[in-house]
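The structure's right below; bear with me while I get my questions together.
Every chain is numbered from 1, with letters handed out A, B, ... down the list of sequences. This structure is a prediction, so every number in the text was calculated from the model and none was measured.
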Amino acid sequence: MLRTVWVDYARKGEPDVILVGRREDGNPAALVVKGFRPYFYAEVEDGFDPSEVERLSGVVEVEEVLLEHPYGGDRVELLRIVATYPKVVPKLREQVKKLDGVKEVYEADIPFVRRAAVDLNLPPASEVDVSDLDTGSWSGLPAYFADVEDARELDHRPYPIEDLVVASFDLEVLAEPGTTIKGASGPIIAISFAYSTPDGERRNYVITWKGEDESFEVDGVETEVIVCRSEAAALRRFFDEFRRVDPDVVFTYNGDEFDLPYLQHRAGKLGIDVSPLARPAGKRGIILKHGGGRYASDIFGRAHVDLYHTARKNLKLERFTLEEAVKDVLGVEKEEMELADINEAWKRGNLDELMRYSAEDAHYTLELGLELAQVELELSYLTRLPLPDATRFSFGQLAEWRAIYKARQEDILVPNKPTRDEYKRRRRKAYKGAIVFEPEIGLHENVVCVDFASLYPNVMVAHNISPDTFDCDCCPRVTVEEVDDPTDATVAPDVGHKFCKRRKGFFPRLVEGLIERRRELKRRLRKLDTESHPHEAKILDVRQQAYKVLANSYYGYMGWANARWFCRECAESVTAWGRYYISEVRRIAEEKYGLKVVYGDTDSLFVKLPDADLEETIERVKEFLKEVNGRLPVELELEDAYKRILFVTKKKYAGYTEDGKIVTKGLEVVRRDWAPIARETQRRVLKRILADNDPEAALKEIHEVLERLKSGDVDIDELAVTSQLTKKPSEYVQKGPHVRAALRLARHLGVEPEPGTIVRYVIVRGPGSVSDKAYPVELVREEGKEPDVDYYIEHQILPAVERIMRAIGYSRGQIVGETASQKTLDQFFG
DNA sequence: GCGGACTGCTTACCT
DNA sequence: ACAGGTAAGCAGTCCGCG
């Protein structure tokens, strides 16, 4: 068995495909696939002479092939053009395109390594059975050799992350004025490094060049501080330790944009070779790539997994710092150290704190990786994308790569990406989405929520919605009016698009495959004794989630203007059937079961039975579910039962469930662009109303906060509003408070605010508009500003609580009234 | 000249 | 940077008003 983590190809000689990983016996090894060459397709006019292509330099072979058209219809005849080396493809593609009689070129933009993984059916991160292969060595690594046919026959499966040697590292840098990543003028003062092996070895190191050797524990793990004589010596020592540990997976937090490029540039400045990082040594240690404003950094022979991407995609956080991610995933409140404090600690020789902080960075990055990486491995396996790529890709791209892999398996031509103009054209036309029912505003008791399980994927499968089944030629034209039951039709209600009834489409096959595999994993999970096998259970659970995420991506994918398989009519039909089903079950609930629908959004309904308790309501709902689930191809499930629930507007509600938890959706409580003090007050008010059923206590909460605010007894953090820049400040038509605050901070730091920057700002006392008064938290004290208490009362606390109190029938006067009189009295006697 | 009504821009949420 | 639907704040303008 070889557990692979990395894939590349030989740049010298033949383009052998190389997979690097670790054998079961614990030793690193490579799998070398010989004889695979890059290729692409050309669509040509009748009578085109293939020898015109054959004589171009870099062409190995041209053959005629028949492939399924991605948008349906007859198979298409294409020329499959095989090239000598990956690097000749871009030029060759342009030459072929220009030939007379060539209509279009396909699949020429698929990078060779990804093409190989898809074509050879070799998941780049998987456990491969290499037992039947010839052995030898490659660049000093033990190696297994396969030709293209052998490779396609190899057995492979996903593996648990713990079966690899995993490590993490983090740099602390002295941020001297003018330090940039490229300039790398600030020295690296500490490198923390953590690792764990399949044998259970687990250690942390901090390598630095000031202070004394010491050791301590971080979170129960032995941590050694190694002091070297110089920065250069520290770097070399780090490389030594790294090579000794020889990790398969290297976790970082922001390593793509910071740690790896900085290490590369700084090592360059010091004249130190980073190639010892690579496996085998001597290859490129750090590979920096940048495209479209984004950076990616790889380490040859290992999988660099930057957990920042994983956090961004899988967690819902206010700020995506390591500390926030660690708190969310591991429940640990890790201390944060600011840049200035790091500088000061280093300069003053206050190293103890600094070393601990540094050690914790690597330690918790590793712990985070062990928690989060399994899902990335599964997605890499499902898409055949190299693991580091899979972590960086959006769900839309992952869905696309699963489709590319499946298309190759089924001899379907992969459509090209849209041109810029095509992209713009696609975006111009919007389409209708889901229905949101008008809520019955106010407090309700004994409400049950039911929802469709994976509505959109199931609609796609049930109605055969796919780019290749849309408007087929083989089925008769039917109009919406002729359809009496859309449940059993392939003509979408409302929009009237028609889908093939005879042949199952590519996307339904794709989605159904994912749904079925997921069902199988869930079945295995249910059978497993979770108590005695908690670890296996977790892996199965993570895997089933990966299938769900991918299956759920295809609806959005078809409506994505950048998608290769873009199909607006498909996306539009999915939502049309969705609207049909939710409206249909609403009608049945009301007409046949006397259930009153108090709210509903897309695939859910909140229902209540007048004058019934929760138990009776649940019983009635179950009868109702039984009927609809016998009649419809999509399954409606009981989601939750609420003792009390308050609807404020569409998309904003809070409920108190049967089992005592408070669920809050859309309200200020859950929005980061509201001040924590307003959110917290609203949370308390909701608890009083929902859990305690005591609106008067809610009023008291409000008055207490207002008093506290007026007395000035508030922390600046309680007032900080969090907001993200979505573009460069200059591109804003309207510069709102967050933009002005970001500009103020940027000017102070002497930098340019980048899109994606998250600012935290406070509204301070002074003249002008709200924006004029928005200051970043960092500068409030420095510039001697006072928070604008009136603003926080009128525009934060009161709107947040008023929405709740009004929904249960209180007027503004009743909410503030008492405080006002209280205040007058205070003034009289104060 | 002022303030409320209205519009457009913007963000972050829901499913 | 997978979709559309939605609320809501703020900036800026319009409009009525002796």
### Query
With a non-hydrogen cut-off below 4.0 angstrom, is A:Phe566 in contact with a base, only sugar-phosphate, or nothing?
nothing
### Query
Has A:Lys313 got its NZ or CZ under 6.0 Å from the middle of the six-membered ring of A:Phe395, at an angle within 45 degrees of the ring axis?
yes
## Note on the structure
Which of A:Leu382, A:Val511, A:Leu510 passes side chain to side chain contact (heavy atoms under 4.5 Å, CB included) with A:Leu550? Answer is A:Leu382
### Summary
Winner on side-chain proximity to A:Lys651, out of C:dA3, C:dC2, B:dC14, is B:dC14
### Query
A:Gln724 side chain: which of B:dA12, C:dC10, C:dA8 is closest?
B:dA12
### Task
Figure out the CD/P separation between A:Glu802 and C:dA7, and round it to whole Å.
18 Å
### Query
How is A:Arg427 classified with respect to the nucleic acid when contacts are heavy atoms under 4.0 Å: base, sugar-phosphate, or nothing?
nothing
### Message
Just to be sure I understand the rule, does A:Tyr599 reach a base, reach only the sugar-phosphate, or reach nothing, if contact means heavy atoms closer than 4.0 Å?
### Response
nothing
#### Entry: Interatomic distance, A:Trp560 CH2 vs C:dA1 P [rounded to whole Å]
9 Å
Check nucleotides 11-15 of chain C for protein N or O atoms closer than 3.5 Å to its own N or O atoms and list the pairs.
residue : atom : partner  : partner atom : Å
C:dA11  : OP1  : A:Ser769 : OG           : 3.3
C:dA11  : OP1  : A:Ser771 : N            : 2.8
C:dA11  : OP1  : A:Ser771 : OG           : 2.6

### Message
Tell me the interatomic distance from A:Asp673, atom CG, to B:dC9, atom P, rounded to whole angstroms.
### Response
19 Å
### Query
What class does the angle between the rings of A:Tyr308 and A:Phe320 fall in, given that below 30° is parallel, 30 to 60° is tilted and above 60° is perpendicular?
perpendicular
### Task
Measure the distance from CZ on A:Arg579 to P on C:dG5 and round it to the nearest whole Å.
8 Å
### Query
Considering only side-chain heavy atoms of A:Lys316, which listed nucleotide, B:dC13, B:dA12, C:dA7, is closest?
B:dC13
### Query
Are the side chains of A:Arg672 and A:Gln724 in touch, meaning some heavy atoms are under 4.5 Å apart?
yes
### Message
Within the 4.0 Å heavy-atom criterion, would you say A:Val670 contacts the bases, only the backbone, or no part of the nucleic acid?
### Response
sugar-phosphate
### Query
Do A:Arg384's NZ or CZ and the ring of A:Tyr405 fall within the cation-pi criteria of under 6.0 Å and 45°?
yes
### Task
Taking A:Tyr792 for its side chain and A:Ile763 for its backbone only, find out whether a donor-acceptor pair lies under 3.5 Å.
yes
### Message
Output the rounded distance in Å from CG (A:Asp601) to P (C:dA3).
### Response
18 Å
### Message
Parallel, tilted or perpendicular: which one describes the rings of A:Tyr557 and A:Phe507, with boundaries at 30° and 60°?
### Response
tilted
### Query
Looking across every strand, which nucleic acid part, if any, lies under 4.0 Å from A:Trp565 by heavy atom: base, sugar-phosphate, or nothing?
nothing
### Query
Considering only side-chain heavy atoms of A:Pro799, which listed nucleotide, B:dT11, C:dC2, C:dG9, is closest?
C:dG9
### Message
Suppose you measure atom P in C:dC2 against the same atom in B:dC9; what distance do you get, rounded to whole Å?
### Response
24 Å
